[in-house]
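A, B, ... follow the sequence lines: proteins, then strands. Residue 1 opens every chain. Side chains included, hydrogens not; waters and symmetry mates left out as well; all remaining heavy atoms used. Remember, predicted model here, so these are calculated numbers, not experimental data.
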Amino acid sequence: MNVDLHNRLLQWYEHHGRHTLPWRNTDDPYRIWVSEIMLQQTQVKTVLERFYFPFLERFPTLPSLASAPLDDVLKQWEGLGYYTRAKNLHRAAQLAAPYMPGTVEGLIRLPGIGKSTAHAIAAFAYGAPVPILDANVKRILYRFFGRREADEKTLWRLAEKLFDPEHPFEFNQAMMDIGATLCLPKSTACDACPFEGACKGAAGDPLYYPAPKKRKSVPVRERHIVVYRHNGRYGLKQREGRFLHGLWGFHEQTAPPEQGKTLESIVQVYSHFRLEAQVWLCEAHREGLTYFQREEIDALALSGADHKVLKQLSASRP
DNA sequence: CATTCGTGGTT
DNA sequence: TAACCAAGAAT
């Protein structure tokens, strides 16, 4: 029924697809899995240029990841964000070792793997006839079917409707390529798109779909970051909650400290709030912190905000 | 179903 | 340049 459309998509993918992406040129489910987790809510450019290869060099196989300390995994993940991904990746490796599950049902049971990622791994590593539903595919579906709004269930139904079960690898990769190169959030190149003619969005104003999301304004958190220094060593603490999970950081509090030298302030924008913190250097010992020499800190995984603090520290050194 | 999770690229 | 957005999942 969609044969004609599917053929046009295949042709387009053959000539214009991003065929050099490294995770498209391996049949190792582990390497495909790592790429899928890193790429969640993260642009291809970032993963490709900074994180994919170093991670695989340090953890080349599933067992090597499973047997590594979590702190080592977090250090490789440093700067990539959404750190529970690293924790889940590590735990999933331990649950799955020595082999990745060979089915969607097995994959989706692992922590950090939802329906779309399970389908992606299954389609790309095993050729399973299942569609994916990432931000690129969603945007295409909104426009192709002329919808301004749709819930997840509806989007999955539309994804199944457009899907080509005969060519799951090529279809899914092509959809992401179209979303990333032609069907962009704020611009489109419909005349180059294999879906033009069948796409309701292309018939009118494609940017009319989907309806813009109403975003809440991010609240500001004002805090004080206090760097405790004792005998030339710096006090840090490893975070335990879900926020910045497992990363080390300097002490943070709501009120200014009793004493200490004022450094510059820092601003760090997170997904759901904005941190504005005054940084202090306090020559004192505080309980509950672990003390490191300056060079030792480089071996720890720190958040972006704490890296800014570290930078202030070296800049302020007399 | 809504919120929580980072950081950097793009416009 | 501020706002939007990115190969989503867990809660």
Worksheet item: Is it the case that A/Tyr234 and A/Arg229 place a side-chain donor and acceptor less than 3.5 Å from each other?
Response: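 Side chains of A/Tyr234 and A/Arg229: pair found under 3.5 Å.
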
Worksheet item: Going by atom types alone, do A/Gln173 and A/Arg24 pair a side-chain donor with an acceptor below 3.5 Å?
Response: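 The answer is yes; a qualifying pair exists.
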
Practice prompt. Using heavy atoms to find the nearest nucleotide of DNA chain B for A/Leu80 and A/Thr46 separately, return the residue whose nucleotide is more 5′.
Written response: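 Checking each residue's closest nucleotide, the 5'-ward one belongs to A/Leu80.
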
Item to complete: Select from A/Tyr82 and A/Ser187 the residue whose nearest nucleotide in DNA chain B is closer to the 5' end of that strand.
Response: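 Taking each residue's closest nucleotide, the earlier one in sequence belongs to A/Tyr82.
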
Please list, in numerical order, the residues of [range] that have a heavy atom closer than 4.0 Å to any atom of DNA chain C.
range                       : result
residues 123-142 of chain A : A/Asp134, A/Ala135, A/Asn136, A/Arg139
residues 206-224 of chain A : A/Arg215
residues 21-30 of chain A   : A/Leu21, A/Trp23, A/Arg24

Worksheet item: Is the gap between the ring centers of A/Trp156 and A/His119 under 6.0 Å?
Response: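 Yes, close enough.
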
Worksheet item: Is the A/Trp23 to A/Phe124 ring centre distance short of 6.0 Å?
Response: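 Judged by ring-centre distance (under 6.0 Å), A/Trp23 and A/Phe124 do not meet the cut-off.
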
First locate atom [atom1] of [X], then atom [atom2] of [Y], and finally report the distance between them rounded to the nearest 0.5 Å.
X        : Y        : atom1 : atom2 : answer
A/Tyr82  : A/Gln40  : OH    : CD    : 10.5 Å
A/Leu65  : A/Arg91  : CG    : CZ    : 13.0 Å
A/Gln238 : A/His245 : CD    : NE2   : 7.5 Å
A/Ser265 : A/Gln312 : OG    : CD    : 7.5 Å
A/Leu162 : A/Ile140 : CG    : CD1   : 8.5 Å

Discussion item. Does anything in residues 191-221 of chain A form a ring-ring contact (aromatic ring centres under 6.0 Å, His included)? List the pairs, not counting sequence neighbours.
Written reply: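 Every ring-ring contact (aromatic ring centres under 6.0 Å, His included) pair that includes a residue of residues 191-221 of chain A, provided the two are not neighbours, is A/Phe144-A/Phe195.
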
Worksheet item: Is there a side-chain polar atom (N or O) of A/Thr117 under 4.0 Å from OP1 or OP2 of C/dA9?
Response: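 Indeed, a polar side-chain atom of A/Thr117 lies that close.
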
Worksheet item: Do any side-chain nitrogens or oxygens of A/Gln41 fall under 4.0 Å of OP1 or OP2 in C/dG8?
Response: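 For C/dG8, OP1/OP2 do have a side-chain N/O of A/Gln41 under 4.0 Å.
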
What's the [atom1]-[atom2] distance between [X] and [N], to the nearest Å?
X        : N     : atom1 : atom2 : result
A/Leu107 : C/dA9 : CG    : C1'   : 15 Å
A/Ile121 : C/dG8 : CD1   : C1'   : 12 Å
A/His272 : C/dC5 : NE2   : C1'   : 17 Å
A/His119 : C/dG8 : NE2   : C1'   : 14 Å
A/Glu49  : C/dA6 : CD    : P     : 19 Å
A/Gln43  : C/dG8 : CD    : P     : 11 Å
A/Glu36  : C/dA6 : CD    : P     : 16 Å
A/Ile108 : C/dG8 : CD1   : P     : 15 Å

Discussion item. Of all nucleotides in DNA chain B that come within under 4.0 Å of a heavy atom of chain A, which is furthest toward the 5' end and which toward the 3' end?
Written reply: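 Listing 5' to 3', DNA chain B meets chain A from B/dC1 to B/dT10.
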
Would you mind classifying the nucleic acid contact of [X] as base, sugar-phosphate or nothing, using non-hydrogen atoms under 4.0 angstrom?
X        : answer
A/Gly79  : sugar-phosphate
A/Asp151 : sugar-phosphate
A/Glu152 : nothing
A/Tyr270 : base

Worksheet item: Taking atom C1' in both B/dG8 and C/dT1, what distance in whole Å separates the two?
Response: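 It comes out at 15 Å once rounded to the nearest Å.
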
Item to complete: For B/dT11 and C/dA7, measure between their P atoms and round to the nearest Å.
Response: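 It works out to 13 Å between them.
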
Worksheet item: Looking at A/Asp4 and A/Arg8, does any basic side-chain N land under 4.0 Å from a carboxylate oxygen?
Response: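 Looking at A/Arg8 together with A/Asp4, the answer is yes, because their closest N to O distance falls below 4.0 Å.
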
Worksheet item: Does A/Arg294 pair with A/Asp298 as a salt bridge, N-O distance under 4.0 Å?
Response: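 Looking at A/Asp298 together with A/Arg294, the answer is yes, because their closest N to O distance falls below 4.0 Å.
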
Worksheet item: Which heavy-atom pair separates A/Trp33 from A/Ala92 by the least distance, and what is that distance?
Response: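 Answer, listing the atom of A/Trp33 first, then A/Ala92: CZ2-CB, 3.6 Å.
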
Fill in: Minimum-distance pair of heavy atoms, taken over all atoms of A/Ala174 and A/Leu9
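That closest heavy-atom pairing would be CB-CD1, 3.7 Å.
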
Worksheet item: Side chains of A/His16 and A/Thr181: closer than 4.5 Å at any heavy-atom pair?
Response: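 Not touching, per the 4.5 Å side-chain cut-off.
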
Worksheet item: Do other residues, nucleotides or ligands put more than 12 heavy atoms under 6.0 Å from A/Tyr99 OH?
Response: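 Check fails, neighbour count at 12 or below.
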
Discussion item. Give the residues of residues 297-308 of chain A touching DNA chain B, defined as any heavy atom closer than 4.0 Å, sorted by residue number.
Written reply: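 Those residues are A/Ser303, A/Gly304.
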
Worksheet item: Which word best sums up how the rings of A/His230 and A/Tyr291 line up, parallel for under 30°, tilted for 30 to 60°, or perpendicular for over 60°?
Response: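 Answer is perpendicular, since the angle exceeds 60°.
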
